[in-house]
Participant: 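A single structure is presented below for examination.
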Amino acid sequence: NPPTVSPPKDAPVRYRWQRTLEFTDFAAWSDVSAHFAPLYRSAATLADDSVLKREAERIATAHADPLARASAALKLVQQDVRYIYVGLNGGNLTPASADETWRRRYGDCKGKTTLLLALLAELGVDAEPVLVNSIGIDDGLDQRLPVPQYFDHVLVRARIDGTTYWLDGTLRSVAAPSPRPVLPVRWVLPLPLGGSDLQKLDWQPATTPDEINLMEV
């Protein structure tokens with residue numbers, strides 16, 4: 001019956017973790033990355049007769065600029081595929097394939113990411129999946145054990161003409177490729193085939209307000 005522990009007032013979120021027991025089968029974050037990377041690579045590989053190849057050809061014909069092509073592919077995923085979480089039979093961690101997601105026209109962040117990765121690959125855009133925490137509680141993540149469940153979302157990070165862009169297929173189509181994730185992300189875990197360690201995104205001042213209110217009296 002231990003006494004109550006009160007976190008320091010106005011301290012960062014990581015100080016609110018209290019009396020937590022952690023355990024994991026992974027020795028390092030790079031092992032987590034190397035475990036999930038092949039799943040996304042396989043799911044983003046299109047069949048030889050995939051109709052998505054025709055969609056990519058249509059985008060390539062309409063747009064010559066690589067960024068415009070990436071924006072068109074992102075808009076297609078955002079508008080033409082409904083977001084529905086798929087968590088059965090390992091689906092909470094294993095992504096559905098790009099072809100399957102397109103056929104059923106719904107998918108979660110994992111399915112939408114593999115769909116977007118497949119389109120970008122056909123368009124010649126260098127891109128990779130990146131695991132993130134979408135609700136802003138990743139402060140101090142580098143001090144925790146490598147547990148996959150700390151991530152609840154996956155984004156696409158693309159490199160176009162020497163610039164890094166973040167793409168989120170689950171957002172509305174007004175969310176175009178951006179130099180920073182729209183979500184309040186501090187730590188990310190890229191998923192290259194060889195694995196990657198955690199990467200920290202440096203803090204930057206907001207370029208847009210989080211909320212806008214209009215009051216009429």
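All heavy atoms count here, side chains included; hydrogens, waters and symmetry mates do not. In what follows, residues are counted from 1 in the order of the sequence shown.
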Participant: If you look at every heavy atom in L120 and V156, which pair is closest and at what distance?
Facilitator: CD1-CG1, 3.9 Å
Participant: With sequence neighbours left out, what residues match R58 under side-chain hydrogen bond (donor to acceptor under 3.5 Å, both in side chains)?
Facilitator: E55
Participant: Would you say that V5 contacts R19 through its side chain, given a criterion of any heavy-atom pair below 4.5 Å between the two side chains?
Facilitator: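 V5 reaches R19 side chain to side chain.
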Participant: Determine, using the 4.5 Å side-chain heavy-atom cutoff (strictly less than), whether L117 and L74 are members of one ILVMFWY cluster.
Facilitator: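 Yes, it is one cluster - the side chains of L117 and L74 are joined through contacts under 4.5 Å.
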Participant: Do R105 and W102 form a cation-pi contact, if we require the NZ or CZ to be under 6.0 Å from the six-membered ring centre and within 45 degrees of the ring's axis?
Facilitator: yes
Participant: Looking at D197 and P190, what are the two nearest heavy atoms and their distance?
Facilitator: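 For D197 and P190, the tightest heavy-atom pair comes out as O-CD, 3.8 Å.
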Participant: Would a hydrophobic clustering, with Ile, Leu, Val, Met, Phe, Trp and Tyr connected at side-chain separations under 4.5 Å, put F36 with L189?
Facilitator: yes
Participant: Could you check whether any side-chain N or O of T94 sits under 3.5 Å from a backbone N or O of G90, counting only pairs where one atom can act as donor and the other as acceptor?
Facilitator: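 Confirmed, T94 side chain pairs with G90 backbone.
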Participant: Looking at every non-hydrogen atom in both residues, tell me the closest pair between I160 and A70 and how far apart they are.
Facilitator: CD1-CB, 3.7 Å
Participant: Transitively linked via ILVMFWY side-chain contacts under 4.5 Å: L115 with V154?
Facilitator: no
Participant: Has R82 got a side-chain atom pairing as donor or acceptor with Y106's backbone, closer than 3.5 angstrom?
Facilitator: no
Participant: Is L76 reachable from Y165 through a run of I, L, V, M, F, W or Y residues, each pair having side-chain heavy atoms under 4.5 Å apart?
Facilitator: yes
Participant: Counting C-beta onward and ignoring hydrogens, is there a side-chain heavy-atom pair between L93 and L39 closer than 4.5 Å?
Facilitator: no
Participant: Enter the distance from L167:CG to Q78:CD here, rounded to the nearest 0.5 Å.
Facilitator: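 So the gap between those two atoms works out to 8.0 Å.
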Participant: Can you find a pair of side-chain heavy atoms, one from L46 and one from D99, that are under 4.5 Å apart?
Facilitator: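 Result yes, sub-4.5 Å side-chain heavy-atom pair found.
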Participant: Under a single-linkage definition using a 4.5 Å side-chain heavy-atom cutoff for Ile, Leu, Val, Met, Phe, Trp and Tyr, are Y83 and L171 assigned to the same hydrophobic cluster?
Facilitator: no
Participant: Is any side-chain heavy atom of P146 closer than 4.5 Å to a side-chain heavy atom of D31?
Facilitator: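 The answer is no, as the side chains (C-beta and beyond) never meet within the 4.5 Å cut-off.
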Participant: Looking at side-chain heavy atoms only, is the closest gap between T163 and P179 below 4.5 Å?
Facilitator: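 They are not in contact (no side-chain heavy atoms under 4.5 Å apart), so the answer is no.
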Participant: Please check this pair: side chain of K112 against backbone of V77, looking for a donor-acceptor N/O pair closer than 3.5 Å.
Facilitator: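 The answer is yes, because a donor-acceptor pair under 3.5 Å joins these two groups.
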Participant: Between atom OG of S97 and atom CZ of R103, what is the distance when rounded to the nearest 0.5 Å?
Facilitator: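 Separation between the atoms: 6.0 Å.
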Participant: If you look at every heavy atom in F26 and T24, which pair is closest and at what distance?
Facilitator: N-OG1, 3.1 Å
Participant: Write down the atom of K75, the atom of S173, and the distance for their closest heavy-atom approach.
Facilitator: CG-CB, 4.0 Å
Participant: Quick one: do E122 and L119 satisfy side-chain contact (heavy atoms from CB on, under 4.5 Å)? Show the steps, please.
Facilitator: CA-CA 5 Å; E122 291 293 317; L119 290 170; 5.8 Å; no
Participant: With a 4.5 Å cut-off on side-chain heavy atoms, are V182 and W166 touching?
Facilitator: no
Participant: Pairs of donor and acceptor atoms involving the side chains of residues 127-140, under 3.5 Å and at least two apart or interchain, shall be tabulated with distances.
Facilitator:
| residue | atom | partner | partner atom | Å |
| --- | --- | --- | --- | --- |
| E128 | OE2 | R157 | NE | 3.1 |
| E128 | OE2 | R157 | NH2 | 2.7 |
| E128 | OE2 | R159 | NH2 | 3.2 |
| N133 | OD1 | I135 | N | 3.1 |
| N133 | OD1 | G136 | N | 3.4 |
| N133 | OD1 | I137 | N | 3.4 |
| N133 | ND2 | Y150 | O | 2.8 |
| S134 | OG | D152 | OD1 | 3.2 |
| S134 | OG | D152 | OD2 | 2.9 |
| D138 | OD2 | R186 | N | 2.8 |
| D138 | OD2 | W187 | N | 2.9 |
| D139 | OD1 | R14 | NH1 | 3.0 |
| D139 | OD2 | R14 | NH1 | 3.0 |

Participant: Using only atom types and a distance under 3.5 Å, with no angle test, would you say the side chain of T114 pairs donor to acceptor with the backbone of A96?
Facilitator: yes
Participant: For residues Y85 and K110, determine if any side-chain heavy atom of one lies less than 4.5 Å from a side-chain heavy atom of the other.
Facilitator: yes
Participant: To check you understand the geometry: which heavy-atom pair defines the closest contact between W29 and L141, and what is its length?
Facilitator: CZ2-O, 3.9 Å
Participant: Using side-chain heavy atoms (C-beta onward) and a distance below 4.5 Å, is L67 in contact with D161?
Facilitator: no
Participant: Take H153 and V185 through the test side-chain contact (heavy atoms from CB on, under 4.5 Å) and record every step on the way to the result.
Facilitator: CA-CA 11 Å; H153 195 45; V185 174; over 6 Å; no
